[in-house]
Amino acid sequence: MQESSPAQDEDQDALVDALAQTAFVLTSALNRIAADNDLSITQLRLLGTLRGRSPQMKRLANHLGLEKSTLSGLIDRAERRGVVQRHPSESDKRVVEVTLTPDGESAARRIENDVRLAVEPIIRRLDAADRDALRLLLERMLGPATL
């Protein structure tokens, strides 16, 4: 394995720091948005994940990094709030899928708009070409979605 140079180490450290600082800013905004909507950060992630999707419970648990029992409790609470519903898969009635209700879709759209408003001041500092380049780099770095 090839050793890195001090300059490469400094560049790597600077990148890690920039990514961490970005995560802190975004996490702060997401926590505020969740609180404003009387949601936990995990509930916020659930609504964002379900936009336009009806994943199987098992895949949803994997995507969110939750145990099946934890996800079941999360879905129970979201169902009581009227924002999600469980239903059997059309392709396999033994499999349960989760979908946003109309109220859930409305909440997800509102939250998506809140996130956009929170992030816009940061990304507005970049011109269109830099925003496109950043998006492509982040997509490449993060890989394909698991759902």
Side-chain angles (χ1 to χ4, degrees), residues 1-79 81-86 89 91 95-147:
M1 184 158 89
Q2 188 176 7
E3 288 189 37
S4 60
S5 71
Q8 289 171 322
D9 289 344
E10 285 180 27
D11 288 347
Q12 180 97 1
D13 289 347
L15 176 58
V16 169
D17 185 60
L19 288 170
Q21 294 301 320
T22 301
F24 297 151
V25 169
L26 293 175
T27 300
S28 176
L30 293 173
N31 281 325
R32 181 186 48 76
I33 292 165
D36 289 349
N37 287 277
D38 194 29
L39 298 170
S40 70
I41 195 71
T42 305
Q43 291 168 326
L44 185 85
R45 287 183 63 211
L46 175 66
L47 292 178
T49 299
L50 292 176
R51 289 173 305 141
R53 299 181 183 98
S54 294
Q56 298 175 359
M57 289 280 287
K58 183 176 181 170
R59 287 188 179 185
L60 183 58
N62 289 339
H63 178 77
L64 295 174
L66 300 173
E67 294 294 323
K68 186 179 174 188
S69 61
T70 303
L71 178 65
S72 290
L74 177 67
I75 298 300
D76 287 343
R77 289 185 296 281
E79 280 182 317
R81 287 182 76 147
V83 294
V84 302
Q85 61 187 6
R86 289 180 242 216
S89 168
S91 61
V95 173
V96 174
E97 296 177 343
V98 183
T99 306
L100 290 174
T101 63
D103 285 347
E105 289 175 9
S106 176
R109 279 192 305 274
R110 185 178 62 252
I111 290 165
E112 181 181 17
N113 187 59
D114 291 346
V115 171
R116 182 176 289 111
L117 290 173
V119 173
E120 275 181 356
I122 300 165
I123 61 175
R124 202 177 317 135
R125 299 173 186 164
L126 303 174
D127 64 28
D130 285 343
R131 287 192 301 269
D132 287 343
L134 178 60
R135 179 186 50 80
L136 291 171
L137 289 169
L138 289 170
E139 288 172 353
R140 186 169 30 155
M141 185 177 74
L142 298 173
T146 58
L147 282 179

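Nothing fancy with the numbering, it's 1 onward along the sequence.
Contact check for Asp17 versus Asp13: no side-chain heavy atoms found under the 4.5 Å cut-off. Put simply, the side chain of Asn62 reaches to within 4.5 Å of the side chain of Lys58, judged on heavy atoms. Between Leu44 and Asn37 there is no side-chain heavy-atom pair separated by less than 4.5 Å. For the pair Leu71/Val98, no side-chain contact is recorded, criterion being any heavy-atom separation below 4.5 Å from C-beta on. Taking 4.5 Å as the limit, every side-chain heavy atom of Leu46 sits out of range of all side-chain heavy atoms of Val83.
Side-chain atoms of Asn31 come within 3.5 Å of backbone N or O of Thr27 as a donor-acceptor pair. Counting only distance, with no hydrogens or angles, the side chain of Ser28 and the backbone of Phe24 share no donor-acceptor pair below 3.5 Å. Ser106 places no side-chain N or O within donor-acceptor distance of the main-chain N or O of Pro102, the cut-off being under 3.5 Å. Arg81 places no side-chain N or O within donor-acceptor distance of the main-chain N or O of Arg77, the cut-off being under 3.5 Å. A donor-acceptor pair under 3.5 Å links the side-chain atoms of Thr101 to the main chain of Gly82, judged by distance alone.
Between Arg53 and Gly48, the shortest heavy-atom distance links the atoms NH1-O, 4.1 Å. Across all their heavy atoms, Arg51 and Ala108 have their closest contact at CG-CB, 3.6 Å. Nearest approach of Gly104 to Leu47, heavy atoms of both residues: O-CD2, 4.5 Å. Closest approach of Leu64 and Arg45 over heavy atoms only: O-NH1, 3.4 Å. When all heavy atoms are compared, the tightest approach of Ala118 to Ala29 is CB-CB, 3.9 Å. Val84 and Ala78 get closest at one heavy-atom pair: CG2-CB, 3.4 Å.
Taking CE from Met57 and CG from Leu66, the interatomic distance works out to 10.0 Å, rounded to the nearest 0.5 Å. A distance of 8.0 Å separates CG of Leu117 from CD1 of Ile33, quoted to the nearest 0.5 Å. Note that CD1 of Ile75 and CZ of Arg86 are 6.0 Å apart. Values are rounded to the nearest 0.5 Å. From Gln12, atom CD reaches atom CD of Glu10 across 12.0 Å, with rounding to the nearest 0.5 Å. Leu50 CG to Glu97 CD: the interatomic distance, rounded to the nearest 0.5 Å, is 11.0 Å. Interatomic distance, CZ of Arg109 versus CG of Leu100, reported as 9.5 Å (0.5 Å rounding).
At a cut-off of 3.5 Å, with distance as the only test, a side-chain donor of Ser89 or Ser91 sits close to an acceptor on the other residue.
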Indicate every side-chain donor-acceptor pair of residues 125-141 with a distance under 3.5 Å to a residue at least two apart or in another chain.
unit_1: Asp127; atom_1: OD1; unit_2: Ala129; atom_2: N; d: 3.2
unit_1: Asp127; atom_1: OD1; unit_2: Asp130; atom_2: N; d: 2.8
unit_1: Arg131; atom_1: NH1; unit_2: Leu126; atom_2: O; d: 2.5
unit_1: Arg135; atom_1: NH1; unit_2: Glu139; atom_2: OE1; d: 3.3
unit_1: Arg135; atom_1: NH1; unit_2: Glu139; atom_2: OE2; d: 3.4

side-chain contact (heavy atoms from CB on, under 4.5 Å) between Thr70 and Leu74: does it pass, once the steps are laid out? CA-CA 6 Å; Thr70 303; Leu74 177 67; 5.7 Å; no
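Using a cutoff of 4.0 Å between basic side-chain nitrogens and carboxylate oxygens, Arg110 and Asp114 are not scored as salt-bridged.
No more than 12 heavy-atom neighbours from other residues, nucleotides or ligands sit within 6.0 angstrom of CD on Glu67.
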